[in-house]
Amino acid sequence: MSLATLNDRRPFHAAGRFSVSGAPLLFALAGLIVLLPILRLVWEVAGPMAAGDLTALSRVLTSKMTWRATGNSVAIAAGATVVAAALGVPFALLCGLTDLRGKTALAFCLILPLMIPAQIVALSWIHLAGSGSPLLKPLGLAPAPGTPNPVYSSAGMILVMGIEHAPLVFLALRAALRAVPRDLVEAAQAAGARRGRVLRTIVLPLSLPGLAAGLALSFVAALGNFGVPALLGIPAGIPVLPTLIYRRLAGFGPSVLPEVAVLAVLIGAIACVGIAAQMALQARVDARVIGGSAPAAVLRLGRARRPLEILCWTVVALILAAPLAALASTSLIRVYGLPLGPETATLAHYATVLGLDQVGRAFTNSFVLSGAAALLLVLLAIPLAHAMAGPGKGGRLVRAVGVLIELPHAVPGVVLAIGCILVFLKPLPLLGVSLYGTLGIILAAYLARFLSLALRPAQAACAALDPAMEEAARACGAGPLRRLRTIVAPLVAPAAAAGGVLVFLTAFNELTVSILLWSQGRETLGVVVYALEEGGSPTLAAALSVVTIAVVVAVLLAVGWLGRRLPAGIIPWRG
Amino acid sequence: AAQAVTDKPAGKLVLYTSQLEADAKQTVDAFKAKNPGVEVEWVRSGTTELMNKLRAEIAAGSPQADLLLIADAVTMESLKAEKRLLAYKDAPVQGYRPGTHDPDGTWFATKLITTGIAYNTAAPMKPSSWLDLLKPEAKGTTVMPSPLYSGAAAIHMAAVKEQPDLGMAFYEKLQANGTTAAKGNGGILKSVASGEKLYGVIVDYLPIREQAKGAPVAFVFPKEGVSAVTEPVAILNTSKNPEAAKAFIAFLLSKEGQELASRQGFLPALPGVAPPAGFPDTSFISLMPYDPAKALKDDEANKKDFADLFGG
Amino acid sequence: MTTQTPALLIDDASRHYAGTPAPAVDGVTIDVAAGEFLALLGPSGCGKSTLLRMVAGFERLDGGRITVGGRTLSGPGTHVPPEERRIGLVFQSYALWPHMTVAGNVAYPLETARVPRAERDQRVRAALDTVGLSGFDARHPAELSGGQRQRVALARCLVMSPELVLLDEPLANLDVHLRAAMEEEFADFHAKTGATMVYVTHDQAEAMALATRIAVLDHGRLAQVAAPRTLYREPATRMVAGFVGQGAVVNGVVTGPVADGRARVRLFGAEALVRCRPEQPEGPALACLRPEDLEPATDGPIAATVVRAAYKGGFVLVEAEPQAAPGVRLLLRVSGDAQVAPGEALRLAVRDGWVVPEGPSQERLTPARE
Amino acid sequence: MTTQTPALLIDDASRHYAGTPAPAVDGVTIDVAAGEFLALLGPSGCGKSTLLRMVAGFERLDGGRITVGGRTLSGPGTHVPPEERRIGLVFQSYALWPHMTVAGNVAYPLETARVPRAERDQRVRAALDTVGLSGFDARHPAELSGGQRQRVALARCLVMSPELVLLDEPLANLDVHLRAAMEEEFADFHAKTGATMVYVTHDQAEAMALATRIAVLDHGRLAQVAAPRTLYREPATRMVAGFVGQGAVVNGVVTGPVADGRARVRLFGAEALVRCRPEQPEGPALACLRPEDLEPATDGPIAATVVRAAYKGGFVLVEAEPQAAPGVRLLLRVSGDAQVAPGEALRLAVRDGWVVPEGPSQERLTPARE
Ligand SMILES: Nc1ncnc2c1ncn2[C@@H]1O[C@H](COP(=O)(O)OP(=O)(O)OP(=O)(O)O)[C@@H](O)[C@H]1O
Ligand SMILES: Nc1ncnc2c1ncn2[C@@H]1O[C@H](COP(=O)(O)OP(=O)(O)OP(=O)(O)O)[C@@H](O)[C@H]1O
Ligand SMILES: [Mg+2]
Ligand SMILES: [Mg+2]
């Protein structure tokens, strides 16, 4: 049952909006780009298996470590999802339903962790919680030298991943809250229900599908996260599937690839359960109500407003400002390990880092790559999302592909990168040129990895599109392509652009994919930060991270400023 | 002494190296100064990433690198066992200690990166022996790189296991004393420099460099000896330009090449070349012996043992 | 548009949605002459929109055939896609494209048809003129009132010079006053263009005011097609009698012979002369009594009780229960000055009425409300 | 509920939304007696919903006061939140909670009030009985028809035994027949419970049929509050005259003295006796002529031309233009059997009418349509 059935809108009038003729084409195009690298990797398992060679499979599946890592992965991803919910849900409720002031700024700050690479967030927390903490040490709150950093633990991983993925829950729930018609809330108030009761009995049950979708996203993201377990899990001796995969890769021998492929398929299978749950729930919510005319409900906070505002900003300061400040102070300290003070502070690292010629190249490359990826994905996402919103067999087919599209996003980046090498090393069949060693292969990998980010907002917009818009065009004699170009694309463009912004920002400091695919002169920002960190220059890495974050924030603000005339809900953090 | 190559090599050379960015650039520039006809294209990354890349390229049927210059000989042994390396029989190895290159001429050590102990200068104890890490003062405050992720640590483990007075028991005692494992050497340095841990098992050059900059760390070569990775170089047998590759190896092994390594802050592999500042003379450093081929054979078992003790 | 073939022929058309128990449209046959204004009337869910969407090509037929201007558009093995039908369509929701100006919306069908620029501009101007919106070219739909939006939708449809225009409840969302104004617009538009129009509505007053003929659908089947007056005065079935106009459908017995188009019918114990078909047999029958057919008269033969009286502005609509038939409700109008209260006794005379040809069924008879 | 204090007192209430040029509700004063059924009538955007939401507590007042049963709920410095007002509210959209069953929806207000289980069940049963929905307890709203949903919303409101019930266009989405049926439900509900009701609508027929008094809002101001008959027969302003009922508001001149509640008025060159206020001065005035005030008569003094004739079932609504006043449209009804065609000449007699007290303004006078 859906909300739509209560309004007089009848989604089944969508019949006929989608002509099947365009579907196979789009399906083939998207499938080619997105699934080839992953499928090629699966072939590493399936090929030998078909030939009767089960060694890789049995080796992985009989290894105790595999199941220990699987158990840890599932448990930690679940825990991180709980933390993400604990953060994302209250903030979504406050920002989405109440008269809290400064909601836009608050939402902006909450979305930031999504835009900052996992390893930077993890590093910030290590800095912050460690005995050398530049913030805690001066306050005398740092753990005594020699005591273990409390972040190196399952709890630490759960906390850091939870914070990192809280924006996913936040964004999904907020979108769902937007669709809760105001009169349903007011009806409860008129029935005498107070705020808490209204939330518990009306708002949350109605936005449950959206919430669950956010939780599934967060679960999948935590499952595939490598940066956090690499930095926090390994010192604590807690293997998870992505670190196990990395470890296999660090091993020797020609058996590595098939084994890695088996593990990737394992992650993929677990992620698919989450994705399928999310898709099933999405199908249950009739998106056609979303973004409808019903204005979102507003609950007055009354006297609780001021204390809640203070609480909110304290939490934001803790989860965002504190780690960032720790990072910033690392970037300012003359030598890593010294306390930060007037005589130890220096801007030299910024000068050094900005003077490195690979940094300039990396900024250019990352700009080009993430810009191109965002643009191409937006162009691809619109027809694809449109096809997915279609009814009947065609729509089902494309929606099934929609589940698979999440795969390259769920497996660790290094796995996707290997798949890309396998596919793109040889010259392309028709063109005769190889993408290998060019920015092209990184771009191809980005397209695969981030398609789901671009697709999701476009998909929501397409689903919310009144089918009559397109039927009117058909009645005017417009064929499928013309309708796509002149009606659908302009109408969903704002939402698709929001997806493009997500892609741009996420790709801008991407590491795990490009680390395998970059080549001399084609390094990305993530790679350079990582190289500095690995090369024993944490201060330089921190300085470059700060510059990167500053650029990210500047881009976000510019986008917000440019998009201030767009309808609500398109710029993700705007009220 | 470097032996002059008769025909000046030319053409393109693809180098996969795990040297640090700046060092790799210096090395390549110095080589190109001597061999202006060779165009060197290089990819710098961690050994693991490089090997992943190479593995994927091999699986795709077209390895791209001519030359590999990576952290450890065990990896080279594995490639040799797969018959992926080209033998350079008449390489200029005069003056090098045996064991620092493959007798079959497939790989050659270019420097010594030893693994010793770094400590935070605020630490109560100044260690001088591996066994000091088992003392109560070090309880719960020691960190070491995991052989599961770090090649140097894998070799260190292989070497320690072959020491009669250390052996696997040493690792068991470390575990009992609360030692933890981290992914790479960079993380160890940060842990010790920040005071989060007091003692770290770590490659030499990182703490020595930071100490010179004023960081609160110091490095010791324990008296039992240190393990060393030798940053070997090798030619892939799929190389499209073996002549230029040989010229590159010849340059690295030359006195000039070794002096360059020293200038970059590494112990040179060629005895007699002056070590960099902050390092003791090579003769004061004893190396724990180990056999790369055996290390390769034992690798899986070692890693499993380590994982059983220290987890992931 | 002066051909003799019907402009639109719906021939035994059916549509059964998968997973539903009954067909939404079930063997409907209607032919619409060129220039005719046909209203499709019926209660919610009776299949009006489905039938319209079948004509427009958005739904496929499960049986039957649809022919426009002699050309089969839908039929066994044939389905011309909507974009090739050249049928004008006005949606209940207007379906204007918010990202285009008024002129852009109206020009769209011409651009699609690659009409040259100059001719296009001229035709757009003419179409906007026709609907009285010259000068609104550059506005966006969001800057228009509801009625103006409706007119843009009309202009967009008109600019294609379609031979056939389909309108799906175009006024359902408007308030009473705007609706009255728009009814006039439609009538003018029809008169001006001479296009054949099919107009879906569930509001019988709208249908009567506009249509030359009205087709009443009942559970997907065609109940009656007739001119408004005929439909009102001579409903063919019980359902039409109840649905169109106000009034009651009551049980009676035809007792006398048919003469002069009237029969003698026994109603609530009294005799009345009621219009009927010439072939009306004697025996039990259903009579349709409109409010104007009943008159309060001190000497009226039917004793009744007032159940409800509602002031409607100018008159009072009285609901009365005949004492001879408890449960039956008769509707009649009395002057707005009269004070009528529930419970009052009343005597009624039957001045006119109609014997419904369909005949009585087993079901309980109720007033023509639900 | 038999107190003498007004059940609801809206006293000079105003609400000005930030960023809008004019107040949405502007100094409205109405008092509603206990047990009264007040309709709030007015065109779209006149502030009806805003006023209702102010009473319910969802909008704060910018000025004035709202008192229910003698207790000030909104006023300077006071704002009782909606959940503490105990005012029943029925939304235009029904606002049923889709995730709860019918029983769950109805029980909700009682759960909120912590009514014990046994009593709750009993009261839910009673409320569902009242609206004729016993046996539907376990259904979900999606499984109900539109009318049934509306009744659940009513039951949910009724179960709280509110002294005051507010309804916002509860029938706007229903078709004619369902609407008529639901109108009856409301009348029954009101009669049964004796609750004070305020009912928002833009449909005057609905308002007339249901309300004891009707308040007409115009641009946020109160134009008139009166019983339906008074409102129809004696509209206070031009806007009310035009908005309520059909008919024309035309320019005339009061020439004769007022006697017996009637004045002599010159209309289109002819003299007519028209109802008016006792204090009506002589001179230019506006006259409201309802369709029933005009009669076609061969000797009628006003010569007119038929502009439009629409069959409405039972009668034809004729729109005529007096020859003396081109542009003015008069509405009248002629018998359904008459054939009237546009362009025909017609002579009219004025039988009745009303001099609008507000007096003429400079604006062009149009028929009471838009
Ligand atoms: N796509 C569909 N799938 C299944 N059933 C449908 C579909 N579209 C319509 N129906 C059903 O077919 C019947 C006719 O629907 P239709 O929309 O034609 O009714 P309508 O006469 O236009 O009603 P309304 O006046 O409410 O618009 C209804 O019972 C409806 O539920
Ligand atoms: N939240 C709001 N912010 C600004 N203006 C508003 C708001 N709500 C209503 N208005 C404006 O106030 C005026 C009165 O609105 P209201 O909803 O009360 O009208 P209404 O009489 O109920 O109309 P309708 O019959 O269309 O429902 C309108 O001009 C409307 O645009
Ligand atoms: Mg319909
Ligand atoms: Mg309203």
Side-chain angles (χ1 to χ4, degrees), chain A residues 44 65 69 72 126-127 130-133 143 145-149 152 229-231 233-240 243-244 246-247 249-254 256-257 334-338 358 414 417-418 421-423 425-426 436-437 515-520 527 531-536 538, chain B residues 20-21 41-46 48-49 51-53 55-62 64 74-75 78 82 120 122-123 140-141 143 146 148-151 180-187 189-191 193-198 206 209-210 213-217 296 299-300 303 307 310-312:
Chain A
E44 284 294 318
M65 188 53 83
N72 285 342
I126 296 171
H127 291 193
S131 60
S133 167
T147 52
N149 188 328
Y152 293 129
L231 284 158
I234 290 168
I238 303 168
V240 293
T243 51
L244 185 63
Y246 186 86
R247 208 170 98 194
L249 287 170
F252 312 117
V256 165
L257 280 190
R334 190 154 44 76
V335 175
Y336 187 77
L338 295 180
Q358 71 263 35
V414 60
I418 289 176
I421 294 179
L422 292 179
V423 171
L425 179 64
K426 291 277 176 65
Y436 199 64
I515 187 80
L516 271 208
L517 299 179
W518 74 284
S519 48
Q520 189 57 34
V527 168
L532 290 171
E533 183 76 32
E534 279 298 279
Chain B
L20 295 181
E21 175 87 20
E41 220 178 69
W42 48 279
V43 172
R44 194 223 78 85
S45 214
T48 305
E49 281 82 17
M51 285 308 293
N52 286 339
K53 203 173 162 81
R55 288 267 167 238
E57 290 173 359
I58 290 171
S62 168
Q64 304 285 299
V74 177
T75 310
S78 84
E82 289 168 45
N120 190 296
T141 68
V143 63
S146 162
L148 303 174
Y149 304 94
S150 157
T180 55
K183 188 176 138 219
N185 283 288
L189 174 72
K190 290 177 74 174
S191 290
S194 67
E196 170 201 327
K197 298 282 178 177
L198 296 180
L206 287 176
R209 276 188 201 174
E210 286 302 299
K213 288 193 221 157
V217 287
L296 172 64
D299 187 65
E300 277 297 306
K303 283 181 176 171
F310 294 94

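Keep in mind that this is a model prediction, so the values were computed, not measured. In the text below, chain A, chain B and the rest are named by the order of the sequence lines, each starting its count at 1.
Only the side chain of A/Val414 comes within contact range of chain B, with at least one heavy atom under 4.5 Å from a heavy atom of that chain. Heavy-atom distances place the side chain of A/Leu425, and not its backbone, under 4.5 Å from chain B.
Listed options B/Glu41, B/Glu57, B/Arg209 were ranked by heavy-atom pairs under 4.5 angstrom with chain A; first place goes to B/Glu57. With chain A as partner, the option from B/Asn52, B/Val143, B/Val43, B/Thr180 having the largest number of non-hydrogen pairs under 4.5 angstrom is B/Asn52. Interface remark: of the candidates B/Arg44, B/Glu210, B/Lys213, B/Arg44 forms the most heavy-atom pairs closer than 4.5 Å to chain A.
Atoms CG and CG, on A/Leu532 and B/Leu20 in that order, are 10.0 Å from each other to the nearest 0.5 Å. Between the CD1 atom of A/Ile421 and the OG atom of B/Ser62 there is a distance of 11.5 Å, given to the nearest 0.5 Å.
Partners of A/Gln358 by side-chain contact (heavy atoms from CB on, under 4.5 Å), not counting sequence neighbours, listed by chain and number: A/Leu356, A/Arg361, A/Glu523, A/Val528, B/Glu21. Shown here are the side-chain hydrogen bond (donor to acceptor under 3.5 Å, both in side chains) partners of A/Lys426, two or more places apart in sequence or in another chain: there are none.
At least one donor-acceptor pair under 3.5 Å links the side chain of B/Lys53 to the backbone N or O of A/Trp518.
Between B/Ala56 and A/Leu422 the shortest heavy-atom distance is O-CD2, 3.3 Å. Residues B/Glu49 and A/Leu516 share a closest heavy-atom pair of O-CD2, 3.2 Å.
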